[in-house]
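Remarks on the structure that follows.
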Amino acid sequence: MEYNFSEIEKKWQDYWRDHEIYKVTEDKSKEKYYVLDMFPYPSGAGLHVGHPLGYIASDIVSRYKRLKGYNVLHPMGYDSFGLPTEQYAIQTGIHPAIATKENTDRYRKQLDQIGFSFDWSREIQTSDPNYYKWTQWIFKQLFNSCYCKLEDKALPISNLIDSFEKSGNLTSEAVSDDNTPKFTSEDWNNFSETEKEKILLNYRLAFLSDTWVNWCEGLGTVLANDEVKDGLSARGGFSVEQKLMKQWSLRITAYADRLISGLDRVDWSDSIKEIQKNWIGKSKGASVSFKLENSSDKIEVFTTRPDTIFGVNFMVLAPEHELVNIITTEEQKEEVENYVNVSKLKSERDRQADKSVSGVFTGAFSIHPFTGNKVQVWIGNYVIASYGTAAVMAVPCGDQRDWDFATHFGLDIINIFEGVDVSENANEEKNVTITNSDFLNGLSSKKAMNLAIYRMEEGGFGKGKINYRLRDAIFSRQRYWGEPFPIYYKGETAYLLEDDKQVTLPLVDKYLPTSTGEPPLARAKKEDWNVYEGDRMETNIMPGWAGSSWYFLRYMNPTNDGEFCAKEKSDYWGQVDLYIGGAEHAVGHLLYSRFWTKFLYDRGFISFDEPFKKMINQGMILGRSSFVYRIKDTNTFVSFDKIKDHKTTRLHVDIDFVDNDILNVEKFKNWRVEYSNAEFILNENAEYLCGHEVEKMSKSKYNVQTPDKLVEDFGADTLRLYEMFLGPLEQFKPWDVKGINGVHNFLRKFWRLVHDEENNFSVSEENPTKANYKTLHKTIKKVEEEIDRHSFNTVVSTFMICINEFTDQKCNNREIISDFTVLLSAYAPHISEEIWSKLGIDTSVTTANFPSFNSSYLVESEIHYPVSFNGKMRFKIPLSAELTKEEVEREVMNHEKTSHYLDGKSPKKVIVVPKRIVNIVM
RNA sequence: GCCUUGGUGGCGGAAUUGGUAGACGCGCUGGAUUCAAAAUCCAGUUCUUUCGGGAGUGUGGGUUCGAUUCCCACCCAAGGUACCA
């Protein structure tokens, strides 16, 4: 074989490893550059072809920056806590740590064979106690902090306690829960320890509170929305309902404003910034409280349109609103209860996606604060329990959802907009004049808002308020494979373990909830815990995003036993200069890690408050998923061509069990215990036909394809080039191996250019020609520009064009080939090292300098002017680049083809753009 | 539903600020080489055509000498939607 890629790649991977080529240390003489990939989760399915896409791009940038003289930090590790491994443990009884070890070993092998330039001496894993010790440490800092509005930063909770002792919380500027009671210093000093702790929870950045969750009685656990399909658990098909549970939360809302303003200081795509802004959802408006008729309770609402207050003639509460039980009248009780029970079974997303209008009157009335009119109180699904106050004041003339609700139930629509018709639709425009609204009559919407707020404050039933859509982040999970909390309880009061103490995950007999619905950690007996204090240990664990919210810091100082990361290290490496990863993390990981970074900055542990300076969001490589269809409430699966006759739930099935959309029934039955006695309704061919769809490649969708076979058949350099050649990094693209031959042939063509017929290395020692230089420098320029603007795919085309031209020029001059080899080395490092060493250079090509571009080789004396008629190009004429506009016009008008296309007509206008185009308008 | 992104030949895609639509590669067709095949090389390949030309970047409008690019409306697909990571 002329180009023996497997031999070459093995040789250089060994060389890199043995010579620690990619190990980096802090070096103040060089400018640093930190390139980071989003943390992979080491799934049992192995690395799929979508993962390397981003890693290849970041590897290219790392190698390129190194050639340009930077000190490049390019680490890799694993986000190794997570649900799939836990699920595997439940099914097999194998401890997740063991499965994780197997999975990371496999990942490492897969990563190594692609030839990445990672500094593996810095590897970290979130499930390693030496790592999660520091995740727990950060949690302790959050627990021990509150947010000061005055200084606009997090401060130690001890400061707050001091101020409570001196002056209570009457003038406190700390962020707290809305329902925090007011107290004086005297009150505070008289509170019991339990009472004090309870109050402090209202201020701590990590705190306990009641939150709504998807509770699945059948599985005895809380489910992710992802695990709920049509109101039933995806696994087992048990019913799921909304339930209030005590959970740890993080007060990310305290950072809402800074999470918005910080976006101005990072170089991210506008779309990601937009997504985050919309997610945080800052809105200005007013909070208004409506008194209830015959009750001392009040309904609090937030509105962005206080100017429309006179348009209110009913209110809608979420079915879960705490007042629903209290205010519902006897006559309405049955109807309301039925509605609440049905709603409970619907997830928040299902409710929002449901366009149909539904709701029930509670029979209760509130009093309009300005008019004193009676306002009907309804409940409805379109009001969300976990957002805002779970209640809205309905303005049917000004809000489409309210309009739909009113129309559906025959409620009045009061029009308060002057000269606007609201009989067909609500008017959501703000450039209107208010009418039919007492003291607001004749005012513009904007002025009316201010006045309405003023009058509300005056009347003591409302005030101006800034509201955020963002909610505090729920931080408890009722699972096993995650970070245990450094928390124990005395009675119902939570306490932190002392600073030097770390809880490690205790061993349990099963990775399932207890019979009473307690999380798996509750199975651990006292002696199973490495520390056990108070009455009981916290048995929830932290969510998957805990460990990934700060990992980029640990890479800077991965083995530090005394600190999460030494300040001098984080001061040297600083922010991540380039972060590559999926846009699907826009509102999860990317928001949480910004939050933690700001917190660590506030408390003085690091010197920057945004983690990722620049980010590129790689588009996903999409996979082709297969589906089976289970008939509702049964264990019978029906072939895709027959699903019309049944009510079915669609479930993903592993593509390994499917060939040409036909399911291998035996493999499927062996997949999971619950399917072992599954029954099947087959089609006419006695086969089970699966449905399919192109979607995200993901372990949870069982549609994963791995790169291993491609590396074996074509080599890592070909895979690297091919993944880049597929298209723009940011765009989504379905996976297809057609075309990989093209890039492989390119490498072979390069190889042949520098080898003779007997496969002996051979380059010419002659001086390069002008044409050789022109091709080379055109390529240098393009490669540099395209990498800088992250157009990785066009660089591959540029390489191809370059080698095609060299081949035509019969050019294999040593000088030219050397420079080209350096250019190529960021993309195809193995073949480049091989050629580099054959050129007689005994240091790695990674230590070479990027060739410098010389524009003098590219000067053109002649321009081929395209001549257009009415904007359509018809022919080209070669003209000197020196010609003026007028000269160009004269040359074009005198050209024989011009009269042909003019066809006897005279041109109305001739536009000449020098060195670009001529357009003749007829 | 809401937020975000995308839509260009048979396929992946290129066209950087409004200036030659389809670079580069796959596939396909024909040819050279070969006993034959693989590999390699050469030529062609958006559609249509009466061979003069005409049409063409999801659909319909608009701005402009000129629009894949800017504006408006719509259609379709994908991602996210707070416990997948």
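Quick note on labels: first sequence line is chain A, next is B, and so on, each numbered from 1.
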Listed nucleotide nearest any side-chain atom of [X], set [options]:
X: F725(A); options: C24(B), C41(B), A85(B); result: C24(B)
X: R349(A); options: U16(B), C65(B), U81(B); result: U81(B)
X: I801(A); options: G19(B), A23(B), U16(B); result: A23(B)
X: I911(A); options: C65(B), G12(B), C84(B); result: C65(B)
X: E786(A); options: U16(B), A78(B), G19(B); result: U16(B)
X: E274(A); options: U4(B), A23(B), A85(B); result: U4(B)
X: K909(A); options: A85(B), C65(B), G12(B); result: C65(B)
X: N278(A); options: U4(B), G79(B), C24(B); result: U4(B)
X: M873(A); options: U20(B), U16(B), G13(B); result: U20(B)
X: R748(A); options: U40(B), C65(B), G79(B); result: U40(B)

In the structure shown, which nucleotide is the Watson-Crick or G-U wobble counterpart of [N], with both distances under 3.5 Å?
N: A85(B); value: none
N: U63(B); value: none
N: G52(B); value: none
N: G30(B); value: C42(B)
N: C2(B); value: G80(B)
N: C24(B); value: G12(B)
N: C35(B); value: none

Using the [atom1] atom on both, measure [N] against [M] and round to a whole Å.
N: A15(B); M: G56(B); atom1: C1'; result: 16 Å
N: G80(B); M: U20(B); atom1: C1'; result: 40 Å
N: G22(B); M: U46(B); atom1: C1'; result: 7 Å
N: G27(B); M: G9(B); atom1: C1'; result: 12 Å
N: U48(B); M: A23(B); atom1: C1'; result: 24 Å
N: G19(B); M: U68(B); atom1: C1'; result: 13 Å
N: G53(B); M: C71(B); atom1: C1'; result: 33 Å

Note: for V918(A) and E785(A) on RNA chain B, the residue whose nearest nucleotide lies more 5' is E785(A)
Could you check D808(A) against S797(A) and say which one's nearest nucleotide on RNA chain B is further toward the 5' end? S797(A)
Indicate whether the side chain of [X] and that of [Y] have a donor and an acceptor atom separated by less than 3.5 Å.
X: N467(A); Y: S283(A); value: no
X: T794(A); Y: S791(A); value: yes
X: S343(A); Y: N381(A); value: yes
X: K749(A); Y: N804(A); value: yes
X: S358(A); Y: Y382(A); value: no
X: D79(A); Y: W545(A); value: no
X: Q478(A); Y: Q247(A); value: yes

Grab the [atom1]-[atom2] distance between [X] and [N] for me, whole Å please.
X: I384(A); N: C2(B); atom1: CD1; atom2: C1'; answer: 10 Å
X: F799(A); N: C24(B); atom1: CZ; atom2: P; answer: 17 Å
X: K277(A); N: U4(B); atom1: NZ; atom2: C1'; answer: 14 Å
X: K778(A); N: C24(B); atom1: NZ; atom2: P; answer: 11 Å
X: L223(A); N: A82(B); atom1: CG; atom2: C1'; answer: 15 Å
X: M800(A); N: G25(B); atom1: CE; atom2: C1'; answer: 5 Å

Listed pairs, N/O of protein and of nucleotides 51-57 of chain B, under 3.5 Å:
residue, atom, partner, partner atom, Å
G53(B), OP1, H900(A), NE2, 3.4
G54(B), OP2, R874(A), NH1, 3.4
G54(B), OP2, R874(A), NH2, 3.3
G56(B), N7, K872(A), NZ, 3.3
G56(B), O6, K872(A), NZ, 3.4

Determine, using ring centers only, whether Y592(A) and W550(A) are less than 6.0 Å apart. no
Does [N] have OP1 or OP2 under 4.0 Å away from a side-chain N or O of [X]?
X: N870(A); N: C65(B); result: no
X: N793(A); N: C24(B); result: no
X: N745(A); N: U40(B); result: yes
X: R752(A); N: C41(B); result: yes
X: N804(A); N: G25(B); result: yes

Describe the nucleic acid contact of [X] in one word from base, sugar-phosphate, nothing, applying a heavy-atom distance below 4.0 Å.
X: K782(A); result: base
X: S476(A); result: base
X: E757(A); result: nothing
X: I740(A); result: nothing
X: V222(A); result: base
X: P728(A); result: sugar-phosphate
X: M620(A); result: sugar-phosphate

Decide, yes or no, whether a salt bridge links [X] with [Y] under the criterion of side-chain N to carboxylate O below 4.0 Å.
X: K346(A); Y: E320(A); result: no
X: E805(A); Y: K778(A); result: yes
X: E348(A); Y: R471(A); result: yes
X: R789(A); Y: E786(A); result: yes
X: E227(A); Y: R235(A); result: no

Report yes or no: is there a donor-acceptor pair, N or O only, under 3.5 Å between the side chain of N919(A) and the base of C65(B)? yes
Side chain of E730(A), backbone of I616(A): donor and acceptor closer than 3.5 Å? no
N/O-N/O pairs, protein side and nucleotides 67-73 of chain B side, under 3.5 Å:
none

